[in-house]
J.: 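Can you read through this structure? Questions will come right after.
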Amino acid sequence: MSRSASRGVPTGSAPSRRALLAGAAALALWPTAAMAAEPAGTAAREPARTAEGQPVRITEGQVAEAARGRAILYPSVTSCLTVTVRLSGGAKVGAHASLFRVPGELRSDEILGAARRRVAGRRVLAVEVRGAVGAWAPSYFTKAIEAYGDGETVPFPTRPDPEGLARAVAAGLGLSASARVSVEDVPDGDQTVR
């Protein structure tokens, strides 16, 4: 391979460094780009579009919708909670709540509002909350850890509070206190909801 004398740019049949970087970035972003979710500060949009048969992938700080018959994949759930809203028509709205905000994504005190906008008044059959139940104080859904200033005490859960989490999720979704919200502590890893 030779170099262009004017700029030191490789010439010939080998791909350029810029092309390799662009290709690597495209491959790295492909799953999340193909399974679009709602970034911070945006209104609810159309359901995420994915290849037929592939689950809708919802990463930390994102909200998305899976059409009837489609699964949701929540990857790498460690200290997170996932919230799956089952709708009467068979669709599901999913939210992947993170203890700490992922840059460019929704905080824990924003995510239920985004899920509520995505549900958009449709009839809710059930809500499933799964993940690191013991790591979450119900108040994280109304005031994220990042919202506390210097000198403010961040609440720290001393025991799991599934009932409190169920109430907080129902309230954040605008559902009645009698809404069917189940809460389950599950081990770290990927979660697939069918």
Side-chain angles (χ1 to χ4, degrees), residues 28 31-32 35-41 44 48 54-66 70-87 91-119 124-149 152-175 177-194:
T32 55
M35 322 287 180
E38 182 174 336
Q54 294 295 313
V56 174
R57 180 184 173 97
I58 305 175
T59 61
E60 292 181 46
Q62 295 183 341
V63 173
E65 182 171 335
R70 300 289 299 278
I72 293 176
L73 170 64
Y74 299 103
S76 305
V77 179
T78 54
S79 61
C80 303
L81 285 179
T82 63
V83 178
T84 305
V85 181
R86 293 187 180 271
L87 303 172
K92 295 178 286 296
V93 171
H96 191 150
S98 179
L99 268 180
F100 301 99
R101 183 181 198 165
V102 172
E105 303 297 350
L106 298 167
R107 289 188 341 188
S108 63
D109 57 359
E110 300 169 325
I111 202 148
L112 293 177
R116 181 179 185 171
R117 288 188 299 277
R118 184 64 70 108
V119 169
V124 173
L125 299 179
V127 180
E128 301 160 5
V129 180
R130 297 167 62 190
V133 171
W136 281 73
S139 64
Y140 295 165
F141 284 115
T142 54
K143 187 172 183 179
I145 291 172
E146 298 88 350
Y148 289 87
E152 287 187 286
T153 303
V154 178
F156 179 77
T158 56
R159 63 175 178 74
D161 186 3
E163 294 83 13
L165 288 171
R167 284 191 304 274
V169 168
L173 292 172
L175 303 175
S178 62
R180 214 171 98 200
V181 179
S182 63
V183 178
E184 181 184 2
D185 191 41
V186 297
D188 292 355
D190 294 351
Q191 291 180 18
T192 301
V193 178
R194 300 196 188 289

J.: Decide side-chain contact (heavy atoms from CB on, under 4.5 Å) for V85 and L173; before the verdict, give the C-alpha distance in whole Å, the side-chain angles of both, and the deciding distance to 0.1 Å.
T.: CA-CA 9 Å; V85 181; L173 292 172; 3.8 Å; yes
J.: With side-chain contact (heavy atoms from CB on, under 4.5 Å) as the criterion, how do Q62 and V102 come out once you've worked through the C-alpha distance, each side chain's angles and the decisive distance to 0.1 Å?
T.: CA-CA 10 Å; Q62 295 183 341; V102 172; over 6 Å; no
J.: So does S79 get a backbone contact from the side chain of W136, meaning a donor-acceptor N/O pair under 3.5 Å?
T.: yes
J.: In Å, rounded to the nearest 0.5 Å, how long is the span from CZ of R57 to OG1 of T192?
T.: 10.5 Å
J.: List the atom of A168, the atom of L112, and the distance in Å for their closest heavy-atom pair.
T.: O-CD1, 3.8 Å
J.: Can you find a heavy atom in the side chain of L165 that is under 4.5 Å from one in the side chain of P162?
T.: no
J.: Roughly how far, to the nearest 0.5 Å, is CD of Q191 from CG of L81?
T.: 9.0 Å
J.: Measure the CD1-OG1 distance between I111 and T82 for me, rounded to the nearest 0.5 Å.
T.: 10.0 Å
J.: Can you see which heavy atom on P138 is nearest to which on D161, and at what distance?
T.: CG-OD2, 3.5 Å
J.: Under the side-chain contact (heavy atoms from CB on, under 4.5 Å) rule, what do E152 and K143 come out as? Steps first, then yes or no, please.
T.: CA-CA 12 Å; E152 287 187 286; K143 187 172 183 179; 3.1 Å; yes
J.: Please report the shortest heavy-atom distance between V193 and K92, naming the atom on each side.
T.: O-CE, 3.9 Å
J.: Going through the distances and angles, do L125 and R180 end up as a side-chain contact (heavy atoms from CB on, under 4.5 Å)?
T.: CA-CA 7 Å; L125 299 179; R180 214 171 98 200; 5.9 Å; no
J.: Any donor-acceptor pair under 3.5 Å linking the side chain of Y74 with the backbone of V83?
T.: yes
J.: Using every non-hydrogen atom in the two residues, find where V56 and A64 come nearest and quote the distance to one decimal.
T.: CG1-CB, 4.0 Å
J.: Can you tell me how far apart CZ (R194) and CD1 (I72) are? Round to the nearest 0.5 Å.
T.: 11.5 Å
J.: In Å, rounded to the nearest 0.5 Å, how long is the span from CG of L73 to CG of D190?
T.: 5.5 Å
J.: Find the distance between CD (E105) and CD (E60) and round it off to the nearest 0.5 Å.
T.: 9.5 Å
J.: Can you give me the closest heavy-atom contact between T59 and P75, atom names plus distance?
T.: CG2-CG, 3.7 Å
J.: Do the non-hydrogen side-chain atoms of R117 and V63 ever get within less than 4.5 Å of each other?
T.: no
J.: Looking only at heavy atoms, what is the nearest atom pair of C80 and A97, with distance?
T.: CB-O, 3.1 Å
